[in-house]
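FYI, side chains are in, hydrogens and waters are out, and symmetry mates aren't considered; it's all heavy atoms of this structure. Chain naming here is simple, since letters A, B, ... match the order of the sequence lines and numbering starts at 1 in each.
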2 protein chains.
Amino acid sequence: MTECGRSRLDRRRIAFIDAAHDLFIKQGYESTTLVDVVTYAGGSLATLYKLFGNKEGLLTAVLYENVRSCDIVVQQIGSRDAAPAAILLDLGHEFARRFLDPERVAFSRIVIAHSLKNQEFSTMFHQTTQVRTGDSLARLFARWRNQGVEFLGTPEGNADLFLGMFIADLYCEAINHGAITCNSHQAVAERVEFFLRGIGMKGANLTEKAPDADGPKPAVLEV
Amino acid sequence: MTECGRSRLDRRRIAFIDAAHDLFIKQGYESTTLVDVVTYAGGSLATLYKLFGNKEGLLTAVLYENVRSCDIVVQQIGSRDAAPAAILLDLGHEFARRFLDPERVAFSRIVIAHSLKNQEFSTMFHQTTQVRTGDSLARLFARWRNQGVEFLGTPEGNADLFLGMFIADLYCEAINHGAITCNSHQAVAERVEFFLRGIGMKGANLTEKAPDADGPKPAVLEV
DNA sequence: CCAGTAATGTAATGGCTATTACGCCTTCGC
DNA sequence: GCGAAGGCGTAATAGCCATTACATTACTGG
């Protein structure tokens, strides 16, 4: 072990996974041959098969090493001493950034393409990414409710609604990767305000004070 | 032409497309061989190649024949003489039904899997399904606004937000097709109420009648 | 019923790529 | 330095499937 406490095989393993990671993202799983991976990473086919068994094993390893849930982020941002509205705004920015990350989009595409052949695989992915994050978010809502923050709906339902706003973008991006305008006409702040009004939570207007509502104001009629 | 005004070749064409449609949905595009299609549909490989050129041509034909936008539905339901809230509720039910239709889910999966190889293809699909429907929905919101219905946000943004609630389910279903509980903790009616509150539209409570506004005119008009 | 055309069935072809086999070379512990 | 393990490189193997070719059969229109 000449370097950083890792065996030769271990270093090869990491090189393979990194190479496959890059190639899978750039050209997709099907279009990436194992020779591509070996050429990119160095090493040999024999070693690759010894390490991962077969191509699918390599994919599994790549996902296992790289797919992370956002639940940590939810817990960190959620534990800040700030108003729920402000926390949700930060979370919105974070989700928008992470869900549209090319890596995440590419992984989603790969998993979806494989979901017929390997169902437990895609279920694991969904569980690790979306469900885990949703649960964490639901716990946050539940905590707020316990603390006396008022809002409509269930914590789980609200978590899904909040996540859903950003997952729709991910879906869109998975189909036409950057080629075409996504459906995100709504900036993050507007979405969060929409969401806050939707669940009837105080602080709907993140910038100004909420006005008294004694009757509808004249609408702004520009067409 | 012995039957219903269609040539022999035309009938074969339809049989091929129907067979490919079924097989693509059941076992995916990659896993379906052209021999599978011929076996299922009858006919011969030679005829299939004469008709579609190659496998991708067959896929194109299948999608072209079967993919339909929801914009007609939006126009039909949207032109009913009913309150916006009621119309949105109906649209919500319709979207929930159509977006989770196995055919739609399967097509989405196929298109996403191919979006790296054939970008114009997936762009066309996205345009035909989502964008078209979104545009139609946006026009509906714009019309309501012209008629004096009050709501926040832009018609386009609201259309995306409304669609997004159901597209998130589609994405979820594309990953784990029915295996695992989707994220639709929220029933359609609850979602629509959430949405109505979110955009600040009257009729958030779908059971009671919308009150008269003292600013602009009462809202139900015919165009 | 007949000729000609159109469709069929079967059997190549060919390319691609996952997977395996094996002899050579490098590295590692001593 | 030395002698094994353990990787490396290259070259088969092998299966799968899109695509093509062709001889045979079925249909069509008169």
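Within the 4.0 angstrom heavy-atom criterion, base atoms lie near B:Thr47. When heavy atoms are screened at a 4.0 angstrom cut-off, A:Leu9 is found touching the sugar-phosphate backbone but no base atom. No contact: B:Gly42 has no heavy atom under 4.0 Å from any strand. In this structure, B:Thr32 reaches the sugar-phosphate backbone alone: every heavy-atom distance under 4.0 Å involves primed, P, OP1 or OP2 atoms, never a base.
In this structure, B:Leu34 places its CG atom 17 Å from P of C:dT10, rounding to the nearest Å. Atom-to-atom, CG of B:Asp36 to C1' of D:dA18 comes out at 13 Å; the value is rounded to the nearest Å. B:Lys50 places its NZ atom 14 Å from the P atom of D:dA21, with the value rounded to the nearest Å. Rounded to whole Å, the distance from NZ on A:Lys55 to P on D:dG15 is 19 Å. Here D:dG7 presents its P atom at 8 Å from CG of A:Leu51, a figure rounded to the nearest Å. Across the protein-nucleic acid pair, A:Leu48 atom CG and C:dA18 atom C1' stand 11 Å apart, rounded to whole Å.
When the nucleotides C:dG9, D:dG6, D:dT19 are ranked by their closest atom to the side chain of B:Tyr49, D:dT19 comes out on top.
Residue pairs satisfying the ring-ring contact (aromatic ring centres under 6.0 Å, His included) criterion with at least one member in residues 27-48 of chain A, sequence neighbours excluded, are listed as follows: A:Phe24-A:Tyr29, A:Tyr29-A:His114.
Note: B:Phe107 and B:Phe125 fail the aromatic proximity criterion, with ring centroids not under 6.0 Å apart.
The shortest distance between side-chain heavy atoms of B:Arg191 and B:Phe195 does not fall below 4.5 Å. Using a 4.5 Å cut-off on side-chain heavy atoms (C-beta onward), A:Ile14 and A:Asp18 make contact.
Ranked by how close their nearest DNA chain C nucleotide is to the 5' end, B:Arg12 and A:Gly53 are led by B:Arg12.
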